[in-house]
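What follows is a short report on a single structure.
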Amino acid sequence: MAGVVLEGVSRVYAGRVVAVDQMNLEVRDGEFLVLLGPSGSGKTTTLRLIAGLETPSAGQIRIAGRVVNQVRPRDRNIAMVFQNQALYPHMTVYKNMAFGLELRRAGWLRETWSRIRGPRRSTSPQPAVPLAVDRGAIRARVDAAARDLGVEHLLSRLPGELSGGERQRVALGRALVRQPAVFLFDEPLSNLDAPLRAETRRELKLLHQRLGATTIYVTHDQVEALTLGDRVAVLNRGVIEQVATPWEIYDRPANRFVAGFVGSPPMNFFEGTLIPAGAGPHAAAGPQEGAAAAVPGRWRFSGAGWSFAVEISQGTPAEPTAQPISMVLGIRPEDVRIESAASGGEGQAGRVVLVEPMGDSAVVHVEPAGAGAATDRPAGAGLVRCKMGSRCDVLPGQSVFVDFDGRRAYWFDPVSGRSLPENQASLPR
């Protein structure tokens, strides 16, 4: 197997359309790396650059330490699985899976015959020819891959006689039998129904654990990315926003884009101000001259119709008369709690706008109390999503109390969108 390295790789199309912008990425040997991002973020273009189906406008691509910018796709020792299976309709499943190995065998025979006939006239270096695979070995590889993917009973059928999920497994098997240095997957599960997609995803994960093959997988589905990847690279407009483990991507997003793209339902964002709790013109003087009256680590955020206390592990000292700090607060729906007004709960008053049952949970949309009458706030501003259990008993129009877990809040720079350190060692002023 082999690692893949991209150094300053760009792809610019006619009209100065930048699909990939100076990308630096290292895929470790044997790693399962997922390229995650919305449509138009450059995921598939990056995969096609690695495969040799696109030519980089700048930068270098290395596979197993070898620069492959000018190497033909067939000579890169990679296998690619596309979104559409691209099976040959006139060939049986067995023939489709064995086709790549048969071509390799035919190429070896042609190369051997040309060497017998005499040396080539060209003095340019020629790529190494893969070792020949005899027919017995081809049969053994196809049978083994078919067993792994559960299609051994379909080897004599034509693609038109298979379901969508079966055709996708055949396409996976065709890549698997080649035993390449790198596997490339371009949204291979997007055409499958939800149960089959989950089952195939599990099989892919088990297959990688067994083979340990270097794998690069493209998807816009965050569930696929978080469940499959050893690491996830989040792309946005041809730029990598963050590369980290699934846990780090979810718990410590690098910026507002990553935080909003990863998570279902998405993170709530509110633009507002942050001030030390107790700070203000009437705050009592501290024990030392100039000390803040605020309790260390205690702050209050106000914005979009909401106001609540938060705790920061190492709050920045602030003068009692300090101006409010502009900030974007992010909080995930699972860290928002609501209780019906009849239960006498704690928190800020709100009104339920929408309830979305999800089976194992429900997503409740709540606006701050009085938001309907507010004229200085755009429609929908301040709407907060809360993820509740499946036995959700609130209804649209109902009055509730909303409580935010301030210890689980995320903070973002309102200009750059970058994530601020959890301890807020240097809050912007």
Side-chain angles (χ1 to χ4, degrees), residues 25-28 31-39 41-43 46 185 187 189-190 194 197-198 201-202 204-205 208-209 215-237 239-270 301 310-313 327-338 356 358-365 383-390 403-414 416-424:
L25 178 65
E26 180 180 358
V27 185
R28 301 159 186 159
E31 181 179 30
F32 197 124
L33 181 98
V34 178
L35 301 179
L36 173 67
S39 297
S41 60
K43 309 182 302 294
T46 301
F185 294 93
E187 303 196 47
L189 310 183
S190 59
R197 188 162 59 245
R201 186 172 65 234
R202 178 183 61 84
L204 272 176
K205 185 78 170 182
H208 178 262
Q209 290 177 356
T215 304
I216 304 175
Y217 188 102
V218 161
T219 184
H220 64 273
D221 188 327
Q222 58 177 290
V223 174
E224 286 184 17
L226 298 179
T227 55
L228 285 174
D230 297 327
R231 287 191 304 157
V232 178
V234 182
L235 275 65
N236 180 30
R237 297 182 179 180
V239 176
I240 294 180
E241 300 284 356
Q242 185 176 4
V243 183
T245 66
W247 296 112
E248 291 173 314
I249 290 287
Y250 190 83
D251 287 335
R252 293 191 290 276
N255 52 42
R256 180 172 174 173
F257 175 82
V258 176
F261 189 76
V262 178
S264 181
M267 182 181 288
N268 298 292
F269 294 104
F270 305 109
F301 177 85
V310 296
E311 293 185 11
I312 299 174
S313 56
M327 193 74 64
V328 174
L329 177 144
I331 191 161
R332 296 203 180 275
E334 56 265 34
D335 296 321
V336 181
R337 297 182 297 276
I338 64 173
E356 296 179 286
M358 308 291 288
D360 62 338
S361 62
V363 179
V364 181
H365 300 248
L383 206 65
V384 61
R385 289 176 293 267
C386 169
K387 189 172 184 180
M388 301 182 64
S390 58
D403 188 17
F404 297 85
D405 188 349
R407 296 168 300 178
R408 295 285 299 165
Y410 294 82
W411 304 100
F412 304 94
D413 186 282
S416 67
R418 66 183 178 87
S419 179
L420 299 173
E422 187 179 62
N423 61 13
Q424 302 293 334

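We number each residue from 1, following the sequence as shown.
- To the nearest 0.5 Å, the span separating SG on Cys386 from CG on Asp335 amounts to 9.5 Å.
- Listed by first then second residue, pairs satisfying side chain to side chain donor-acceptor pair (under 3.5 Å) with a partner in residues 252-262 read Glu241-Asn255, not counting sequence neighbours.
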Apply ring-ring contact (aromatic ring centres under 6.0 Å, His included) to Phe412 and Phe269, showing your working. CA-CA 9 Å; Phe412 304 94; Phe269 294 104; 5.7 Å; yes
Begin with the C-alpha distance, continue with both residues' side-chain angles, and end with the deciding distance and a verdict on side chain to side chain contact (heavy atoms under 4.5 Å, CB included) for Phe185 and Leu204. CA-CA 11 Å; Phe185 294 93; Leu204 272 176; 4.1 Å; yes
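- Here CZ of Arg385 is found 9.5 Å from OG of Ser264. Values are rounded to the nearest 0.5 Å.
- For Tyr250, the side chain to side chain contact (heavy atoms under 4.5 Å, CB included) partners at least two apart in sequence or on another chain are Val262, Arg332, Glu334.
- Remark: Ala254 engages Gln242 in a side chain to side chain contact (heavy atoms under 4.5 Å, CB included) (not counting sequence neighbours).
- Rounded to the nearest 0.5 Å, atoms CD1 (Ile249) and CG (Leu226) are 8.0 Å apart.
- Under the salt bridge (Lys or Arg N to Asp or Glu O under 4.0 Å) criterion, Asp221 pairs with no residue at all, not counting sequence neighbours.
- Shown here are the side chain to side chain contact (heavy atoms under 4.5 Å, CB included) partners of Glu26, two or more places apart in sequence or in another chain: Val5.
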Salt bridge (Lys or Arg N to Asp or Glu O under 4.0 Å) between Glu31 and Arg231, intermediate numbers included: CA-CA 8 Å; Glu31 181 179 30; Arg231 287 191 304 157; 2.4 Å; yes
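- Between Lys205 atom NZ and Thr227 atom OG1 the span is 7.0 Å, to the nearest 0.5 Å.
- Partners of Phe32 under the ring-ring contact (aromatic ring centres under 6.0 Å, His included) rule, at least two apart in sequence or in another chain, are His208, Tyr217.
- Here His220 contributes atom NE2 and Ser190 contributes atom OG; the two are 6.5 Å apart, rounded to the nearest 0.5 Å.
- Between the side chain of Lys387 and the backbone N or O of Val336, no donor-acceptor pair lies under 3.5 Å.
- One distance of note links CG of Leu383 with CG of Asn268; it measures 8.5 Å at 0.5 Å rounding.
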